[in-house]
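For reference, the structure discussed in these notes is given below.
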Amino acid sequence: MIIGILALQGGFHLHQLSLESLQIKSELIRYPKQLDHCDALIIPGGESTTLMKQIMKNNFFDSLIEFANKKSIMGTCAGMIISSCRSSDKLNRSLSVIDIEVDRNSWGRQVHSFEAEVNLNFDNDNPFNATFIRAPKVSRMGHGVESFAEYGDSAVLLSDGRHLMASFHPEIGDDNRIHKLFMGMIK
Ligand code: GLN
């Protein structure tokens, strides 16, 4: 099994280390053709406007949508924003691979970034120390989308059964439970 990590912009390297800690093979993806031999894909955090520009410039837009129709995508932070149906930023296109809408930068600016313990509903006894960096807030969850963790009244980890989205950065720190959860979703 090979997990692709989109490496056009943002924090792709730490995802590679998280997968390594689970002894999962990964490949940094810079050309659409590389998607052909991936079993799933991680779209990392970064800056969603820049990331989408890079996706367009490198001809990834249609390939990513096609990929998502058959295989699983894990989107974290900016990766979640561009995977959603619509974000509060109207200028930014999105891939609409999962039926959620998000508000960008909804917990404030860079200086308001924070860490918080969140309860994972599949491992209730051990909270996850989640890092939120100019994180998006989910404003609508479509039918069939389930929340696996909340912070305040917001879902921060969600899935439609195929794709997994986190508004925080599960690759920061040495707790690989979210990556493990994603591995379990891959068909
Ligand atoms: N605020 C960023 C954006 O709108 C996302 C930040 C992140 O990925 N950590 O794209």
Side-chain angles (χ1 to χ4, degrees), residues 3-19 26 28-30 40-58 60-61 64-65 68 72-118 120 128-141 145 147-159 163-179 181-182:
I3 309 302
I5 306 171
L6 193 64
L8 298 175
Q9 197 262 338
F12 44 85
H13 184 61
L14 288 180
H15 281 288
Q16 208 167 25
L17 297 181
S18 299
L19 293 176
S26 66
L28 297 180
I29 305 297
R30 297 203 164 92
L41 180 74
I42 294 177
I43 306 183
E47 209 288 315
S48 56
T49 311
T50 314
L51 186 52
M52 186 48 84
K53 272 190 192 143
Q54 290 300 325
I55 285 173
M56 300 312 288
K57 193 172 152 205
N58 293 280
F60 265 104
F61 195 80
L64 287 174
I65 291 173
S72 294
I73 290 185
M74 168 167 159
T76 60
C77 206
M80 167 165 120
I81 296 171
I82 65 153
S83 300
S84 70
C85 278
R86 199 152 50 96
S87 81
S88 49
D89 176 359
K90 302 275 187 303
L91 295 174
N92 212 355
R93 290 182 76 174
S94 55
L95 297 168
S96 304
V97 304
I98 182 164
D99 189 15
I100 59 170
E101 289 180 25
V102 302
D103 287 331
R104 288 180 68 193
N105 301 326
S106 209
W107 272 293
R109 303 160 69 116
Q110 189 79 7
V111 291
H112 302 121
S113 297
F114 61 97
E115 285 176 38
E117 305 248 292
V118 298
L120 305 173
F128 190 93
N129 188 42
T131 304
F132 293 82
I133 304 171
R134 289 202 303 136
K137 243 185 214 177
V138 175
S139 54
R140 185 186 66 80
M141 282 166 62
V145 177
S147 167
F148 286 91
E150 295 87 38
Y151 180 68
D153 55 3
S154 300
V156 292
L157 181 67
L158 354 88
S159 173
H163 307 301
L164 181 66
M165 299 292 143
S167 53
F168 56 93
H169 284 264
E171 77 284 9
I172 294 180
D174 52 13
D175 188 338
N176 55 23
R177 278 178 293 165
I178 313 286
H179 288 80
L181 173 71
F182 183 52

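For the numbers below, each heavy atom of this structure counts, side chains included, while hydrogens, waters and symmetry mates do not. Just follow the structure's listing: the first ligand is 1, and inside any ligand the first atom is 1.
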Please state which protein non-hydrogen atom is closest to atom 1 (N) of ligand 1 and give its distance, to 0.1 Å?
-> N105 OD1, 2.5 Å
Considering only protein heavy atoms, which is closest to atom 9 (N) of ligand 1, and at what distance to one decimal place?
-> H169 NE2, 2.8 Å
Ligand 1 atoms in contact with [X] (distance to a heavy atom under 4.0 Å):
X: E47; answer: 10 (O)
X: G46; answer: 2 (C), 5 (C), 6 (C), 7 (C), 8 (O)
X: S48; answer: 3 (C), 4 (O), 10 (O)
X: C77; answer: 5 (C), 6 (C), 7 (C), 8 (O), 9 (N)

Only heavy atoms count here, so choose which of M80, R104, M52 is nearest to atom 3 (C) of ligand 1.
-> R104
Taking [Y]'s backbone N and O only, do any of them form a donor-acceptor pair with [X]'s side chain (distance below 3.5 Å, no angle check)?
X: H163; Y: A68; result: yes
X: S94; Y: S84; result: yes
X: S48; Y: I82; result: no

Can you tell me how far CE of M74 sits from CD1 of I178, rounded to the nearest 0.5 angstrom?
->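 Reported value, rounded in 0.5 Å steps: 7.0 Å.
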Q16 CD to I5 CD1 distance, which is reported to the nearest 0.5 Å |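 Rounded to the nearest 0.5 Å, the CD-CD1 separation comes to 5.0 Å.
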Between G45 and ligand 1, does any nitrogen or oxygen pair lie at a separation below 3.5 Å?
-> no
State whether the shortest distance between N or O atoms of I81 and N or O atoms of ligand 1 falls below 3.5 angstrom.
-> no
Where does R134 meet ligand 1, judged by heavy-atom distances below 4.0 Å: at the side chain, the backbone, both, or neither?
-> both
Per-residue contact class, T76 against ligand 1 - non-hydrogen pairs under 4.0 Å |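 No part of T76 is near ligand 1 at this cut-off.
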Looking only at heavy atoms, which two atoms of N105 and R134 are closest? And how far apart?
->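 It is OD1-O, 3.4 Å.
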Is the ring centre of F168 less than 6.0 Å from the ring centre of F128?
->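 Yes.
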Parallel, tilted or perpendicular: rings of F114 and F132 (30°, 60°) = parallel
